[in-house]
Amino acid sequence: MYDTQVTERAVDSKKIKFQCRNVQVYYGSTHAIKDVNVDIEDKTVTAFIGPSGCGKSTFLRCLNRMNDTIDSCRVEGDINLDGKNIYDHDVDPVQLRAKVGMVFQKPNPFPKSIYDNVAYGPKIHGMARNKAELDEIVEKSLRRAALWDEVKDRLDTPGTGLSGGQQQRLCIARAVATAPEVLLMDEPCSALDPIATAQVEELIDELKQRYSVVIVTHSMQQAARVSQRTAFFHLGDLVEFDDTDTIFTNPHDPRTESYISGRIG
Amino acid sequence: MSVALLFGLVIVLACVGYLIGRYRAIASVGGDMRGLHSLPSFYGWHVFLFTTVPSLLFLALWLLAQPLVLERSLSEFFPSDRFDSPTERTLLLADVRRVAEGLDKAVDQGILTESRAVSLRTEFGSVRDRLAEAGVALGSDVTPEVLRAAQDYRKRSAAGAVIRTALTLLIAGAGFAFSIYATGPALRARSRVETVILVLLALASTVAILTTVGIVLSMLSESLRFFSMYPWQDFFFGLTWSPNFRGNSELGLLPLLWGTLYISLVAMIVAVPLGLFTAIYLAEYAGPRTRSVVKPMIEVIAGIPTVVFGLFALVTVGPFLRDAFAEPLGLGSSASSVMTAGIVIGILNIPFVSSLSDDIINAVPQAMRDGSYGLGATKSETVRQVLLPAALPGIVGAILLAGSRAIGETMIVTMGAGAAARLDLNPFEAMTTITVKIVSQLTGDTEFDSPETLVAFALGMTLFVITLGLNILALAIVRRYREQYE
Ligand SMILES: Nc1ncnc2c1ncn2[C@@H]1O[C@H](COP(=O)(O)OP(=O)(O)OP(=O)(O)O)[C@@H](O)[C@H]1O
Ligand SMILES: [Mg+2]
């Protein structure tokens, strides 16, 4: 039955963006990710779900080599982006991260103005030729993150002065502004009210037209609403990875079933 | 009763009070602690603090006040013209105190009886010899007035000691009794203890403030005396510094101020970039192993005595700068120079800037770095655009601290820049600073009330105002920055 689904999917096969094979992650001697194989498709939203501490953030951070900044962290296995192993020596993590953007679990705006927060990436990567273009990028990004109306009159006030939910949307705008090919979002809505959540989900839907989005979430409903593919992690193992519909209606593994019906986690 | 004994007695009383307070609290609810407002030990502490704090504070105040009061009362023994001149009064009082101490010792050792000590007169033989027997050496023989004053001083301090003991014990006893009487289930011992602790902490902080105020006031009074002898315009705007102990000095501040600022500027030009770059390297680029070796090694610099740095300036840096730059460039042939002292002070200050800035950069949350790296920024972009702005207030503080150290440095300037006060732009010329001149005006056998000596206080005051200004500036910068980013 599993096989048939693979072939079914192969029919409307989209380009594979990330191909991960036998990925292991260690923090010192803790084995945080155990032998994970995942394919993340282009123009698709992939959701990572699983109980707290199962390694969702850890795996997400492997995809743009953010784990490099943690001294004790070691990554093994192959992670290919467009067929190129991102852990190869000739890959520049800085360029990789420009292509694979990230929104973190906790909002972390810079102690700069709202405008400068959003303009940070575009400025670094030379995406705007002049101030007008930069203004346009900033406005567009803030609109897409559903924050423009709230902040358009105070773009020069500090980003750290916004509310928690606004800060998170600012971080989303900041990530979107660099026009990444893949956007990794670690629980982007955990600090947002239902309205802002709906707006961010709308944004994810829109991004999906052009980019690939990976989202970690603790909300089953959100995973079901926004994603096409869902991966269920448990204690560092990838238990099940399938079409979202299948995961939520007809899971194969008993652990997946217990989790989505609320019995573990 | 000696002060130490008195102190011990109060503490013992307080400890007994602790036990009684605790016991009474437990007894008052029949052993059921839930009926008490606070834990039993708080009732104990309540008694302890009420016994010790007021009585010991009183004791401390008394000990501070007694000598002042006694000294004032000695004026009747001396002609008023001698007692009114501050220099002479200090000498007289020192004499009186030494003689009084000598008499105390002689009585202790049985050389004099108490009644002899009281009735002793210079007319009946040398007091000096008697005191020498007791091991108290006096420079000259004791004059009748001093002896009379010393005897009076002894009498009064003895009386003072009795009153002191009685009052201290009375206050301790009153606190003890009052707090034990108040002990009961409804007494909010915990909140009272909290209040007392608050007051104690606040008092501790006032000590530092009062000391500063005291320093400023004493400097100010001496400075005012200086300005009463020397016109302030000539001091603040004078272009020549040539003190002359036979009078007719020219005491112009400007050459010294110029030397101070010039040398500090050179020092900061050396210390700030090097220190800051070191800090950035250590905080962001170096691995944990490099860091654990390099950081302590840099901090060793801070532990080297400045006189050693002075030697380094004198024998190594000075001659090198002269041979390599000053002479070939035709800028003079002096080994002592602004450059020499400035560079060496700068090196001395590197660890201050680097160590403080390193801690501050490290304190910027990891999430800031993650955010920046996650957008594809390189390390140096992250440092420049995120970490340094976030750490700026602290770094400004570190730099200003190093600045005040550079301004206050004395030894390296003496050995590296010389002692010649000069107004010159040439950095390879010998110059000198305010601090060096403060030292040289006060050392040597000079009267304490000539303008040549008192100018040291005016110079000190100027230095104080400069560093105060620097600090206020730092606070203003930090505050403006905070408003912008918080
Ligand atoms: N920096 C680190 N150093 C050491 N261990 C870590 C580190 N970060 C995470 N871990 C460990 O790795 C495991 C996976 O953590 P991770 O943050 O990926 O969980 P998560 O699935 O994102 O959880 P949550 O839903 O609570 O965010 C946990 O056991 C955690 O303790
Ligand atoms: Mg997580």
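Naming convention: chains lettered A, B, ... in sequence-line order (proteins, then strands); numbering from 1 in each chain.
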Legend entry - Any side-chain donor near an acceptor of the partner, B:Tyr262 and B:Thr433, under 3.5 Å: no

Inset, instruction - Please state whether the side chain, the backbone, both or neither of A:Val100 comes within less than 4.5 Å of a heavy atom of chain B. - result: backbone

Inset, instruction - Name the member of B:Gly374, B:Pro288, B:Gly287, B:Pro365 that forms the most heavy-atom pairs with chain A at distances under 4.5 Å. - result: B:Gly374

Inset, instruction - Taking atom types as modelled, find out whether B:Glu381 and B:Thr378 have a side-chain donor-acceptor pair closer than 3.5 angstrom. - result: yes

Legend entry - Winner by heavy-atom pair count (cut-off under 4.5 Å) against chain B, out of A:Val103, A:Thr69, A:Asp71, A:Asn108: A:Asn108

Inset, instruction - Can you tell which part of A:Pro109 gets under 4.5 Å to a heavy atom of chain B, answering side chain, backbone, both or neither? - result: backbone

Legend entry - Residues A:Asp186 and A:Lys106 bridged, charged N to O under 4.0 Å: no

Legend entry - Proximity breakdown for A:Arg65 and chain B, heavy-atom pairs closer than 4.5 Å: neither

Legend entry - Side-chain donor-acceptor pair present, B:Ser354, B:Thr278, cut-off under 3.5 Å: no

Legend entry - salt_bridge(B:Lys295, B:Glu299) N-O dist < 4.0 Å: yes

Inset, instruction - Considering only heavy atoms and a distance below 4.5 Å, find which of A:Met102, A:Arg174, A:Gln95, A:Lys99 pairs most often with chain B. - result: A:Arg174

